[in-house]
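Keep in mind the model is a prediction, meaning the values are calculated, not measured. Numbers for residues simply follow the sequence, beginning at 1.
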Amino acid sequence: MKKNSKIGIIICDRYKSCAGGKCFRSLKNREGAFDIYDKNENVELVGYTSCGGCPGGNFEYAPEEMKKNGADTIHFATGLIVGYPPCPYIDYFKQFIEEKYDMKVVLGTHPIPEKYYTTHLNLKTWESGQWEKNIKPSLADKRIRLAYD
């Protein structure tokens, strides 16, 4: 029997006009943080919104609506991880949603583009153990990172 999952995506408000192309492509291809879903699994996107701007007021309400639409997992878009600077509240928002809404939260959507990866390495942005953990779901090999530049 084919498994069905329903997900929501929350993006950084800096990218609120983003059409979602990289996220949707990576969901279809099961790349980046979407590689946790089997290629034969039916994954339905039931919500897509921005955080609402710093300090992320929409994190308080959007997950509830997504859960009412059947979401069992919320993905924080890769833009929250690779923006300059990365979202300083990302760990708190993850903990908040998991506690308040009893939902799984995945940090990332599409693979981190190589140009962002290189810049953040040079800036030493992700040198803490927590950030190494945060980028892991979206950190693909260089070939795939280049395909998302």
Side-chain angles (χ1 to χ4, degrees), residues 1-56 58-59 62-63 65-67 69-98 103-149:
M1 178 176 250
K2 192 184 257 191
K3 184 179 176 194
N4 294 311
S5 293
K6 293 185 179 186
I7 66 168
I9 297 175
I10 300 176
I11 69 171
C12 176
D13 199 63
R14 288 179 284 195
Y15 310 113
K16 65 183 167 200
S17 63
C18 178
K22 288 179 183 174
C23 289
F24 300 142
R25 180 174 114 201
S26 63
L27 177 58
K28 178 182 175 192
N29 295 335
R30 301 303 196 260
E31 294 173 326
F34 294 125
D35 70 359
I36 62 173
Y37 305 103
D38 185 88
K39 288 200 183 257
N40 296 317
E41 183 176 350
N42 181 37
V43 181
E44 181 183 353
L45 180 64
V46 298
Y48 183 90
T49 190
S50 85
C51 68
C54 288
N58 215 16
F59 280 103
E65 181 178 332
M66 292 177 185
K67 188 169 185 171
N69 290 335
D72 48 55
T73 304
I74 301 291
H75 281 260
F76 291 179
T78 299
L80 288 157
I81 297 166
V82 301
Y84 303 111
C87 178
Y89 308 106
I90 198 167
D91 294 320
Y92 178 82
F93 293 143
K94 180 181 187 297
Q95 180 182 4
F96 171 77
I97 291 170
E98 290 172 342
M103 299 174 77
K104 180 179 178 180
V105 174
V106 176
L107 300 182
T109 50
H110 64 77
I112 296 170
E114 180 67 12
K115 60 187 174 186
Y116 286 95
Y117 180 72
T118 302
T119 300
H120 282 292
L121 284 181
N122 292 337
L123 291 171
K124 301 178 178 12
T125 307
W126 299 325
E127 286 192 350
S128 74
Q130 185 61 41
W131 273 107
E132 288 174 9
K133 180 181 172 188
N134 289 352
I135 68 169
K136 189 173 181 166
S138 300
L139 187 60
D141 64 43
K142 185 173 184 174
R143 178 187 57 82
I144 292 176
R145 289 195 308 266
L146 284 166
Y148 281 82
D149 258 355

Is a side-chain N or O of [X] found less than 3.5 angstrom from the main chain of [Y], in a donor-acceptor match?
X    : Y    : answer
E41  : D38  : yes
D149 : E114 : yes
K39  : N29  : yes

Verdict with reasoning, Y89 to F76, per ring pair (Phe, Tyr, Trp, His ring centres under 6.0 Å): CA-CA 12 Å; Y89 308 106; F76 291 179; over 10 Å; no
Restricting to non-hydrogen atoms, name the atom on [X] and the atom on [Y] that form the minimum distance, rounded to 0.1 Å.
X    : Y    : result
T125 : P86  : CG2-CG, 3.5 Å
A33  : V106 : CB-CG1, 3.9 Å
T119 : Y84  : CB-OH, 3.4 Å
C23  : T109 : SG-OG1, 3.1 Å
P111 : S26  : CD-CB, 3.8 Å
N69  : K6   : O-CD, 3.8 Å

What's the spacing between [X] [atom1] and [Y] [atom2] if we round to 0.5 Å?
X   : Y   : atom1 : atom2 : answer
F59 : T49 : CZ    : OG1   : 9.5 Å
L27 : D35 : CG    : CG    : 11.5 Å
I90 : Q95 : CD1   : CD    : 13.5 Å
L80 : I10 : CG    : CD1   : 8.5 Å
S5  : I36 : OG    : CD1   : 8.0 Å
K67 : D72 : NZ    : CG    : 10.0 Å

Looking only at the side chains, is there a donor atom on one of Y148 and E31 sitting less than 3.5 Å from an acceptor on the other?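 Indeed, the side chains of Y148 and E31 share at least one donor-acceptor pair under 3.5 Å.
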Say whether N134 and Q130, considering side chains only, have a donor N or O and an acceptor N or O under 3.5 Å apart.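 The criterion, which ignores hydrogens and geometry beyond distance, is satisfied for Q130 and N134.
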Taking the side chain as every heavy atom from C-beta outward, state whether L146 and K115 have any atom pair closer than 4.5 Å.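 L146 vs K115: side chains apart.
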Any side-chain heavy-atom pair from T73 and Y37 closer than 4.5 angstrom?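 Side chain of T73 against side chain of Y37, heavy atoms only: contact under 4.5 Å found.
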Residue pairs involving residues 7-19 (criterion side chain to side chain donor-acceptor pair (under 3.5 Å); sequence neighbours excluded):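 Of all non-adjacent pairs touching residues 7-19, those that pass side chain to side chain donor-acceptor pair (under 3.5 Å) are D13-S50.
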Can you confirm if the NZ or CZ of R145 lies within 45° of the ring axis of Y116 and under 6.0 Å from the centre of its six-membered ring?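 Here R145 fails the 6.0 Å and 45° test against Y116.
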Specify whether Y48 and F24 have parallel, tilted or perpendicular ring planes, treating 30° as the upper limit for parallel and 60° as the lower limit for perpendicular.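 Rings of Y48 and F24: tilted, as their planes differ by 30° to 60°.
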Which class fits the ring pair H75 and F34: parallel under 30°, tilted 30 to 60°, perpendicular over 60°?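 Judged by the thresholds at 30° and 60°, the geometry between H75 and F34 is tilted.
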Can K94 and E98 be counted as an ion pair, charged N to O under 4.0 angstrom?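 A salt bridge is present here (some side-chain N lies under 4.0 Å from a carboxylate O).
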For N122, enumerate each residue passing the side chain to side chain contact (heavy atoms under 4.5 Å, CB included) test, keeping only those at least two apart in sequence or located in another chain.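 N122: side chain to side chain contact (heavy atoms under 4.5 Å, CB included) contacts with T118.
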Run the side-chain contact (heavy atoms from CB on, under 4.5 Å) test on K104 and I74 for me, step by step, so that the C-alpha distance in whole Å, both residues' side-chain angles and the decisive distance to 0.1 Å come before the verdict. CA-CA 6 Å; K104 180 179 178 180; I74 301 291; over 6 Å; no
